[in-house]
Amino acid sequence: MAQATERLRRYLDDELGECRSEDVERRLDELGTLEAALGTEQVEAELDVLSALANETRYRLVRVLVAAREELCVCELHAVVDVTESGLSHALSKLVDAGLVDGRKDGRWKKYRATNRAVALVTVLEGSVSDELPDGSDSHE
C-alpha cells in the first residue's frame with residue numbers, strides 16, 4: 001500500500017503542481033468512497049453473471065435464446081450445442097442461477113427463454129466488438 005500511496009502522491013504532484021499530504025489523504029478518502037459504493041455483494045453478483053457467460057456452451061445458449069426472441073424447448077437447445085444431456089442441464093441451471101435464462105415446465109417439456117438481463121448483455125457485447133471484427137464488416141449487416 002505504501003508503494004501505491006507514493007505513486008498516487010507523484011501523480012497528484014503532477015496534476016496539481018504541488019501535492020501535500022492532505023491532498024493524498026483526501027484523494028484516498030474519495031477513492032475509498034468509490035470502492036465502498038460498489039458493494040461486495042453487488043460485485044459478487046456481477047461476477048456470477050460474467051462467470052456464467054465465460055463458457056462457450058453457456059454463451060451459445062444465451063445467444064440462441066436472445067436471437068430466438070421466444071421460448072425454446074430443451075430438446076431444441078440440445079440440437080444447437082454439442083454437449084451431453086447432463087452438460088446441457090448443468091449449463092442451463094447455471095444460466096438460470098445467474099438470472100440470464102428463465103425456465104418453465106410445460107407438460108413433459110422444459111422450455112427456456114432469455115431474460116431482459118441476457119438481452120441487454122448480448123446487445124452491449126455485440127456493440128463492443130462489431131467495430132473490431134477482423135474483416136472490417138459490421139456484425140449487424
Side-chain angles (χ1 to χ4, degrees), residues 1-106 108-141:
M1 182 73 166
Q3 185 178 13
T5 302
E6 178 56 28
R7 191 167 185 186
L8 177 61
R9 188 200 60 74
R10 289 194 319 265
Y11 170 74
L12 291 173
D13 198 39
D14 283 351
E15 289 293 306
L16 302 173
E18 176 185 0
C19 177
R20 302 171 311 213
S21 57
E22 302 88 48
D23 298 324
V24 173
E25 291 302 317
R26 183 178 64 250
R27 189 61 181 152
L28 286 171
D29 287 345
E30 291 168 353
L31 294 170
T33 300
L34 288 173
E35 182 182 22
L38 290 175
T40 303
E41 289 180 22
Q42 179 71 22
V43 169
E44 288 176 8
E46 291 168 359
L47 287 173
D48 286 345
V49 171
L50 293 173
S51 174
L53 289 175
N55 168 279
E56 184 176 348
T57 298
R58 293 189 301 261
Y59 187 66
R60 284 184 183 278
L61 289 168
V62 167
R63 290 294 310 241
V64 166
L65 288 166
V66 168
R69 294 187 174 141
E70 64 180 349
E71 290 182 321
L72 293 178
C73 176
V74 72
C75 61
E76 294 171 304
L77 294 171
H78 198 212
V80 172
V81 293
D82 186 25
V83 295
T84 64
E85 284 186 34
S86 79
L88 178 61
S89 177
H90 179 73
L92 289 166
S93 176
K94 185 145 177 126
L95 293 171
V96 168
D97 290 347
L100 296 168
V101 168
D102 285 331
R104 71 175 183 90
K105 195 89 162 134
D106 185 16
R108 59 184 224 186
W109 304 105
K110 185 80 175 193
K111 295 185 177 183
Y112 291 89
R113 69 171 184 82
T115 63
N116 290 338
R117 174 185 288 172
V119 172
L121 285 168
V122 167
T123 301
V124 167
L125 288 170
E126 283 177 345
S128 71
V129 297
S130 65
D131 295 336
E132 299 175 13
L133 292 176
D135 64 359
S137 66
D138 187 339
S139 65
H140 299 287
E141 292 179 2

Margin query: Taking D23 first and then R20, would you say they form a salt bridge - that is, a charged N and a carboxylate O separated by under 4.0 Å?
Written below: yes
Next item on the list: Check the pair L88 / L61 against side-chain contact (heavy atoms from CB on, under 4.5 Å), numbers first and verdict last.
Entry: CA-CA 9 Å; L88 178 61; L61 289 168; 3.8 Å; yes
Next item on the list: Go through the structure and list residues passing side-chain contact (heavy atoms from CB on, under 4.5 Å) with E70, not counting sequence neighbours.
Entry: A68, L72
Margin query: Rounded at 0.5 Å granularity, tell me how far CZ in R7 sits from CZ in R10.
Written below: 6.5 Å
Note to self: How about CZ on R104, more than 12 heavy atoms from neighbouring residues, nucleotides or ligands closer than 6.0 Å, or not?
What the structure shows: yes
Margin query: Exactly one of T115, V119, L100 should register a side chain to side chain contact (heavy atoms under 4.5 Å, CB included) with V66. Which one does?
Written below: V119
Check: Quick one: CG on L95 to CG on L65, what's the gap to the nearest 0.5 Å?
Finding: 8.0 Å
Next item on the list: Could you give me the CA-CA distance, side-chain angles and deciding distance for R117 and L121, then say whether side-chain contact (heavy atoms from CB on, under 4.5 Å) is met?
Entry: CA-CA 6 Å; R117 174 185 288 172; L121 285 168; 4.0 Å; yes
Next item on the list: Under the side-chain contact (heavy atoms from CB on, under 4.5 Å) rule, collect the residues that match up with N55, sequence neighbours excluded.
Entry: T57, R58
Notebook entry, point to check: Distance from D102 atom CG to L92 atom CG, nearest 0.5 Å?
Noted result: 11.5 Å
Margin query: Does D106 have more than 12 heavy atoms from other residues, nucleotides or ligands lying within 6.0 Å of its CG?
Written below: yes
Check: What do you reckon, is CG of D29 surrounded by more than 12 foreign heavy atoms closer than 6.0 Å?
Finding: yes
Checklist line | Greater than 12 external heavy atoms within 6.0 Å of E22's CD | finding: yes
Check: With a 4.0 Å cut-off, would you call E56 and R60 a salt bridge?
Finding: yes
Check: Which pair of heavy atoms, one from L12 and one from V24, lies closest together, and at what distance?
Finding: CD1-CA, 3.9 Å
Next item on the list: Look at atom CD of E85 and say whether more than 12 heavy atoms of other residues, nucleotides or ligands are closer to it than 6.0 Å.
Entry: no
Notebook entry, point to check: Where is the tightest heavy-atom contact between G103 and Y112, given as atom of each residue plus distance?
Noted result: CA-CD2, 3.6 Å
Check: Salt-bridged, K94 to D97, with N to O below 4.0 Å?
Finding: no
Note to self: Please check this pair: side chain of H78 against backbone of C73, looking for a donor-acceptor N/O pair closer than 3.5 Å.
What the structure shows: no
